[in-house]
Every structure is written in C-alpha cells, then in structure tokens.
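To keep things clear, I will list the structure first and then write my remarks on it.
This structure is a prediction, so every number in the text was calculated from the model and none was measured. In what follows, every heavy atom counts, from backbone to side chain, and hydrogens, waters and symmetry copies are set aside. Chain letters run A, B, ... following the sequence lines, proteins first, then strands; residues in each count from 1.
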Amino acid sequence: MSVNEAAGTRPRNEAVPGAEPIIVVDNVSKNFGPLQVLHGVSLEIQRGTMVAIVGRSGSGKSTLLRCINALEEINGGSIKVCGHPVSMSDRASVKRLRSEVGMVFQSYNLFPHLTVLRNITLALTAVQKKSRADADAIAHKVLGLVGLGDKAEAFPEQLSGGQAQRVAIARSLALSPKVLLFDEVTSALDPELTGEVLKVMEDLARDGMTMVLVTHEMAFARRVADIVVFMHQGKVWEAGPPAEIFADPKTPELRQFLSSGL
Amino acid sequence: MITFSSTHLIYLIEAARWTLLLSVIAFIGGGIVGLILALGRVSEIKALRFLSGAYIQIIQGTPLLVVLFLAYFGLSILGLDIPPIVAAGLSLTLYTSAFLGEIWRGCILSVPKTQWEASNCIGLSRAQQYRYVVLPQAMRIAIPPTVGFMVQIIKNTSITSIIGFVELARAGQIVNNSTFQPFITFVFVAIIYFAMCYPLSLASRHFERKLNVGK
C-alpha cells in the first residue's frame, strides 16, 4: 500500500505540459431570458484529470456542465471538446460529442420501462449498431465495474438510489466515453448511499478517466479531485489544486463559502 | 300482436355487427391518423404543429353529426357518389383521430423532460428517442384515457343510423316499432352495448396491471 492510499488520497494525475486540453471553455456566457447565468467563463480541462466544480446553488455550475454537453445553447464564447467545437444547432457536432462525452444526472434518469441490462445496451445496439450479444457482454462488464453484476434483470424501480446511480454510471461507461460529466450525482441520495457512488467515481478517476463533476461533496473533492473550481455569480472565481483551494483561499467569497460548513 | 322473441334478439345481434365493424374502423383509422397528429403536435417543426393543431381544433369543434352529413350528403352534391360505409368510416376516423391525437399528445408530454435528455446524451436520434424511450412510457399513461374514449366511440356509432345504417340502436327502434315493447327491447339493446364495452374495460385493467401504470 502506498503512502497516498494509506492517507486516503490518490496520486494526483499530472497534466502533460503542452498537451491539448480535452475540454476548452472560452469566455462562455449564457442567459435564460433576462437572467444572465454565466458571465464569460473560461476553463481548460486536461485529459485524465478529475475536475470538481463547487459553489453555491445558482452559481452557474450545473449550467456550465450542461453547456459543455450541448444541453443548453450558449450565447457567447466557445466550447471545444476533444478539439471539436460544440454547437447545439449543428447535428454532426452534437452526434460526435455524444460519442465522446457521457453524462450522469442527479435524478439518475434511468429508463423505467427497461431492465438494467437494456438500459445499458440500448445505445450500444441502437446507436453503435453492436450485436445484442456483444452489447450484453459489455453491459455485464460495466455492471461488474460498478459492483452490480447481479442486477442485470432488475427494473430501475427495484433498485436503491445508490444502485440506480451506479447503473446510470455504468450506462455512460458502456459507451466508452473520453469524458464523463457528473451533475450533482449524490445530491438525491441518503448519506449512507453516497459512499458507494463516490467509490465508483474514485475507481474511475484512478483508472485515468477524465471527469468533470459538479458537487457538494467537499471532502470528496478535496481528497480525489485534481483541480477544484469555485464558481460564484456565474464566473470562475478561483481554480487550482485542492490543497491550495481549501488551505489558502484567495478571495473572501471562497473563504466564506468554505466556512459555511457545506 | 307481435311480441318480443328470439327472432328479434337475433336481429339486434346481427345489427350489432355493424356497430362493431364501424367501431373497429374508427379505432384503426383514428388510431393511425391520431398517432400522426399527436407526433405532429409535439414536432419540432412549427408548420406541423400548426397544421395538426388546426385539424384537431376544427374537428373537435364540429359535431360528429355534421361531419357525417358533410361526408355523406355534402360530398355527393359535389358529384362524389360515396357509399354510406365509406362516409361513416371517414367521419368516424376524422372524429376519433382528433380526440386520440390530443389525448396522446398529452401522454407524450407527460413523459419527463429528463427522459429526453438522458436518451439524447447517450446518442439516440429523435426517432430512436420516440421509439425506445418516449412512446413506450407514453403508452402506459395512454391506456386508461384511450380505452375510455373507445367506449365512447362504440356508443357514438349509433349516429350513423341517420345515413341509413341499421346498427344496434336503430335496430332497437325498428323492433320497438313492431312490438311496442320498448322496455324489454331497449334492455336487450343496452345489454348488447354493455357486452361490447365491458371487455374493453377489462382489457384495459389487464394491460394497466401488466404495464404497471403510474410507476
């Protein structure tokens, strides 16, 4: 056991100097009608890193995540994922994005009428045109990864929240995305169930998956994330390695946020 | 004096075959057109939304009786000599589709937006989203109101008697005119209608259980 593991942290993934970031958010603004939610957000995310976005409700962090995944149209600036510009109105661009980025939601959003297995294989057969047998094999593999190998034939309503969320993660993983986005994935869970979901995420981070998560799990962000981004009033207020962000906040807003006991 | 006999009962049952045939035409024609209308109502294309919306408003705002007159007498004045069965089938299809279209639109819209998002995020095209995710869920919600409306249609087919169909209700009138025993005649008419509608309700309950409506 390494010192890091003994201390409950994982080795930080170092960004390769000079490498192209996998996600580039450049001066993005977004408004819902008269309400401006993002004010010129810029952010670069390196391949193989876990970035945790933290901040108060209404700070724009979930909106940013949804803009990256083309679920919201941006009003200014640009977003690039894997070198390709993201545009909601460009079908080809969205299609490519869907093959590169997976997303997990707070409310799991499993398909209630399909078994766990079919939830996972649906896109494999319908989008990737894999045979049912190949798709099933992939599904069983990813279910094993999230520790739910025995739930393939269950329906979503028969799962606990933690299990449902792990199935949702497996559903994204099955499509072998290059980036996984997590939108407050533990916020709807009982405290005793968050642990099992966070553990799956930590395993993924250790395996080098690029992950961006919007979260309120400060302890988790501090322990596992490579970069923590603090958003406030629709802007990136501060960003850096968790050691710096948590130990030495530069702005009064972050200091206040951290001391508010979240 | 003629009294109500098994001959009359057989006559009623034979007439009920028209009721059944007209209902089946209404369900099939109305179901197909209704599905197209429902999809048009929730389409991303504004023109489709407008056209299907206008169709539904016009048909829903017109009595079935008037639609039937227009189809049968109106079209024949225009030189189209259409048989009563075609006029009746056409009118019932127009009428049923407008209502089913609106019922099903509501069912499609009641599938949560997050289901669209999740299926979008795993790369399904819009057609695939409908086929695999949205319509199966909308169908569960649609069963009770659809069956309820089908029962209405069975009873509404009686209106076709005005263009000459001797369906169940009209046959009852004819029997009554010769027997002068309205109570027993119409009790049998009612029983036959009930025998056609009740299995639908039973089937609905069966499917509801099977599909776990409300989950």
Side chain, backbone, both or neither: which part of A:Phe111 has an atom under 4.5 Å from a heavy atom of chain B?
both

I need the B:Glu117 CD to A:Arg66 CZ distance, nearest 0.5 Å.
4.0 Å

Region of A:Val104 in contact with chain B, defined by heavy-atom distances below 4.5 Å:
neither

Counting only heavy atoms not in B:Asp81, do more than 12 sit closer than 6.0 Å to its CG atom?
no

Within 6.0 angstrom of B:Phe50 CZ, more than 12 heavy atoms from elsewhere:
no

List the steps, then state whether side chain to side chain contact (heavy atoms under 4.5 Å, CB included) holds for A:Leu71 with B:Cys121.
CA-CA 8 Å; A:Leu71 291 176; B:Cys121 285; 3.9 Å; yes

Measure A:Leu97 against the heavy atoms of chain B and call it side chain, backbone, both or neither at under 4.5 Å.
neither

Separation between CG (A:Asn109) and OG (B:Ser119), nearest 0.5 Å, reads 9.0 Å

So with a 6.0 Å cut-off around CE of B:Met139, is the heavy-atom count from everything else above 12?
no

So which atom in A:Pro112 and which in B:Gln137 form the shortest heavy-atom distance, rounded to 0.1 Å?
CG-OE1, 3.3 Å

Within this structure, what is the CG-OH distance for the pair A:Asn119 and B:Tyr132, rounded to the nearest 0.5 Å?
14.0 Å

May I ask you to check whether over 12 heavy atoms, not counting those of A:Phe32, lie within 6.0 Å of atom CZ?
yes

What pair of heavy atoms forms the shortest contact from A:Arg98 to B:Gly123, and how long is it?
CB-CA, 3.8 Å

Which atom names give the shortest non-hydrogen contact between A:Ala123 and B:Leu124, and what distance separates them?
CA-CD2, 4.3 Å

Say you draw a straight line from NE2 of A:His113 to CD of B:Gln115; how long is it, rounded to the nearest 0.5 Å?
7.5 Å

Greater than 12 external heavy atoms within 6.0 Å of B:Arg126's CZ:
yes

Euclidean distance, A:Leu122 CG relative to B:Ile122 CD1, rounded to 0.5 Å
5.0 Å

Whatever's closer than 4.5 Å to a heavy atom in chain A on B:Gln128 counts as side chain

